**Q** 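Take a look at this one; I'll ask things after.
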Amino acid sequence: MAGTVVFDLDGTLADTSADLIAAANACFDARGLEPVLDPVADALTAFQGGRAMLALGHARLGTPDPGPLVAEDYFRLLLHYGENICVHTRLYPGAAGAVAMLRAAGYRTAICTNKPEALAVQLLDTLGVASLFDALVGADTLPTRKPDPAPYHAAVTRAGGTVTRSLLVGDTVTDRETARAAGVPCLLVAFGPEGRAIERLAPEAMLESFADLPLRVAQFLPRHG
């Protein structure tokens with residue numbers, strides 16, 4: 001095999017921010033509060049997870065001691081999100097085709113995400129791309145989650161690959177730290193919520209669009225290697 005390419009999901013393969021924000025706003029609405037999160041302006045927070053969105057919203061609302069409300073509403077958020085998982089979500093342009101090209105060239109592909117596993121599987125099925133990946137490891141698949149390297153290792157091995165012949169494609173500091181902890185190259189997308197500002201994390205390479213993915217991967221995982 002040429003190697004294994006591991007992808008983050010939210011903000012890397014798919015723009016899920018609007019549906020995530022909608023789920024958080026539904027929690028505020030259920031409490032009779034104003035839905036204070038914006039799907040565009042708060043996209044970066046959306047990709048940091050449900051608790052981060054809820055905490056940001058309560059901070060804007062000036063909620064005293066929001067911790068218990070965040071903990072309680074997190075499960076309501078997951079329920080709402082699962083019921084409305086793909087209303088606005090779309091794959092980034094060229095994502096499916098680029099992954100298919102990698103597989104045709106002999107690479108294994110996997111997903112390592114901090115989204116709960118069942119929701120990640122549901123989203124891939126709804127988007128019609130589940131068959132493009134040999135393995136998926138979510139936030140609750142193992143006792144630890146990214147940036148701990150264990151989920152990354154599991155994603156590679158479950159896909160049938162070896163960590164020394166792998167790389168991570170992501171969009172956040174969590175992905176950068178995961179790659180560093182695993183000792184593998186990291187490609188960060190330039191089309192996520194931070195744009196090219198994510199270059200501040202000094203990834204091995206930036207990915208301007210999915211059209212560039214096969215070439216970038218081949219630079220770090222040459223097929224003859």
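Keep in mind it's a predicted model, so treat the numbers as computed, not measured. When a residue number appears, it is its place in the shown sequence, counting from 1. Computation of the quantities below employed the complete heavy-atom set of this structure, encompassing side-chain atoms and omitting hydrogens, waters and symmetry-equivalent molecules.
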**Q** Would you say that Ile111 contacts Val137 through its side chain, given a criterion of any heavy-atom pair below 4.5 Å between the two side chains?
**A** no

**Q** How close do Ser17 and Ala43 get, heavy atom to heavy atom, and via which atoms?
**A** CB-CB, 3.8 Å

**Q** When you group the ILVMFWY residues by side-chain heavy-atom contacts below 4.5 Å and let the links chain together, are Val169 and Leu44 in the same group?
**A** no

**Q** Inspect the contact between Arg200 and Glu194 and indicate whether a charged nitrogen and a carboxylate oxygen are less than 4.0 angstrom apart.
**A** yes

**Q** Between Arg223 (side chain only) and Ala2 (backbone N and O only), is there a donor and an acceptor less than 3.5 Å apart?
**A** no

**Q** Any side-chain heavy-atom pair from Pro147 and Val173 closer than 4.5 angstrom?
**A** no

**Q** Would you call Arg60-Asp42 a salt bridge at under 4.0 Å N-O?
**A** yes

**Q** For Leu132, does its backbone N or O pair with a side-chain atom of Thr109 as donor and acceptor, under 3.5 Å?
**A** yes

**Q** Can you tell me how far the CG atom of Leu33 sits from the OG1 atom of Thr63, to the nearest 0.5 Å?
**A** 6.0 Å

**Q** Less than 4.5 Å apart, side chain to side chain, heavy atoms only: is that true for Leu61 and Val36?
**A** yes

**Q** Is there side-chain contact between Cys27 and Leu54, with at least one heavy-atom pair below 4.5 Å?
**A** yes

**Q** If every non-hydrogen atom of Tyr152 is compared with every non-hydrogen atom of Cys112, which pair is closest and at what distance?
**A** N-SG, 3.7 Å

**Q** Does Leu187 reach the side chain of Leu213, with side-chain heavy atoms less than 4.5 Å apart?
**A** yes

**Q** Start with the C-alpha gap between Arg31 and Arg76, add the side-chain angles, then the distance that decides, and say whether side-chain contact (heavy atoms from CB on, under 4.5 Å) holds.
**A** CA-CA 11 Å; Arg31 292 188 178 277; Arg76 178 182 287 133; 4.2 Å; yes

**Q** Work out which heavy atom in Ala159 is nearest to a heavy atom in Arg108; give both atom names and the distance.
**A** O-CD, 2.7 Å

**Q** ring-ring contact (aromatic ring centres under 6.0 Å, His included): which pairs involve residues 74-98, sequence neighbours left out?
**A** Tyr92-Phe191

**Q** To the nearest 0.5 Å, tell me how far Asp73 CG sits from Met53 CE.
**A** 11.5 Å

**Q** Can you get from Phe133 to Leu136 by hopping between Ile, Leu, Val, Met, Phe, Trp and Tyr side chains that sit under 4.5 Å apart?
**A** yes

**Q** Is it the case that more than 12 heavy atoms not belonging to Met206 sit under 6.0 Å from its CE atom?
**A** yes

**Q** Testing the basics here: between Ala130 and Asp125, what is the closest heavy-atom pair and its distance to 0.1 Å?
**A** CB-OD1, 3.2 Å

**Q** Using side-chain contact (heavy atoms from CB on, under 4.5 Å), reason through Leu207 and Leu188 one step at a time and then give a plain yes or no.
**A** CA-CA 6 Å; Leu207 188 65; Leu188 292 180; over 6 Å; no

**Q** Between Thr12 and Leu9, is there a donor-acceptor pair closer than 3.5 Å when you use the side chain of the first and the backbone of the second?
**A** no

**Q** Arg165 versus Thr4: any side-chain heavy-atom pair under 4.5 Å?
**A** no

**Q** Do Asp15 and Thr89 have side chains that get closer than 4.5 Å, going by heavy atoms?
**A** no

**Q** Not counting sequence neighbours, which residues clear ring-ring contact (aromatic ring centres under 6.0 Å, His included) with His58? List them please.
**A** Phe28

**Q** For a side-chain contact (heavy atoms from CB on, under 4.5 Å) check, start with the C-alpha distance between Thr174 and Phe47, then their side-chain angles and the critical distance, and finish with the verdict.
**A** CA-CA 10 Å; Thr174 299; Phe47 295 145; over 6 Å; no

**Q** Looking at Thr164, Val6, Val163, which one forms a side chain to side chain contact (heavy atoms under 4.5 Å, CB included) with Val184?
**A** Val163

**Q** If you measure from CG on Leu127 to CG on Leu123, what distance do you get to the nearest 0.5 Å?
**A** 4.5 Å

**Q** Of all heavy-atom pairs between Asp171 and Pro193, which one has the smallest distance, and what is that distance?
**A** OD2-CD, 4.3 Å

**Q** Quick one: does Leu56's side chain get under 4.5 Å of Gln48's, heavy atoms only?
**A** no

**Q** When rounded to the nearest 0.5 angstrom, what is the spacing between CZ in Arg216 and CG in Leu221?
**A** 13.5 Å

**Q** What about Leu13 and Leu20, same hydrophobic cluster or not, with Ile/Leu/Val/Met/Phe/Trp/Tyr joined at side-chain heavy-atom distances under 4.5 Å?
**A** yes

**Q** Hey, quick one: are Leu91 and Val189 part of the same hydrophobic cluster, counting side-chain heavy atoms closer than 4.5 Å, chains of contacts allowed?
**A** yes

**Q** Closer than 4.0 angstrom, basic N to acidic O: yes or no for Glu204 and Arg176?
**A** yes

**Q** Minimum heavy-atom separation for Pro203 and Cys186, please, with both atom names.
**A** CB-O, 3.5 Å

**Q** Looking at Leu37, is its backbone amide N or carbonyl O close enough to the side chain of Asn25 to form a donor-acceptor pair, meaning the two atoms are under 3.5 Å apart?
**A** yes

**Q** Between Asp175 and Thr172, do the side chains contain an N or O donor and an N or O acceptor separated by less than 3.5 Å?
**A** yes

**Q** Taking the basic N atoms (NZ, or NE/NH1/NH2) and the acidic carboxylate oxygens, is any pair closer than 4.0 Å for Lys115 and Asp10?
**A** yes

**Q** Should Val156 and Phe220 be regarded as members of a common hydrophobic cluster, given that ILVMFWY residues are connected when their side-chain heavy atoms come within less than 4.5 Å of each other, either directly or indirectly?
**A** no

**Q** Test Ile85 against Asp19 for side-chain contact (heavy atoms from CB on, under 4.5 Å), laying out the working first.
**A** CA-CA 6 Å; Ile85 199 167; Asp19 287 327; over 6 Å; no

**Q** Ignoring hydrogens and geometry, is there a side-chain-to-backbone donor-acceptor pair from Asn114 to Arg145 under 3.5 Å?
**A** no

**Q** Hey, what do you get for NE2 (His153) to OG (Ser166), rounding to the nearest 0.5 Å?
**A** 7.5 Å

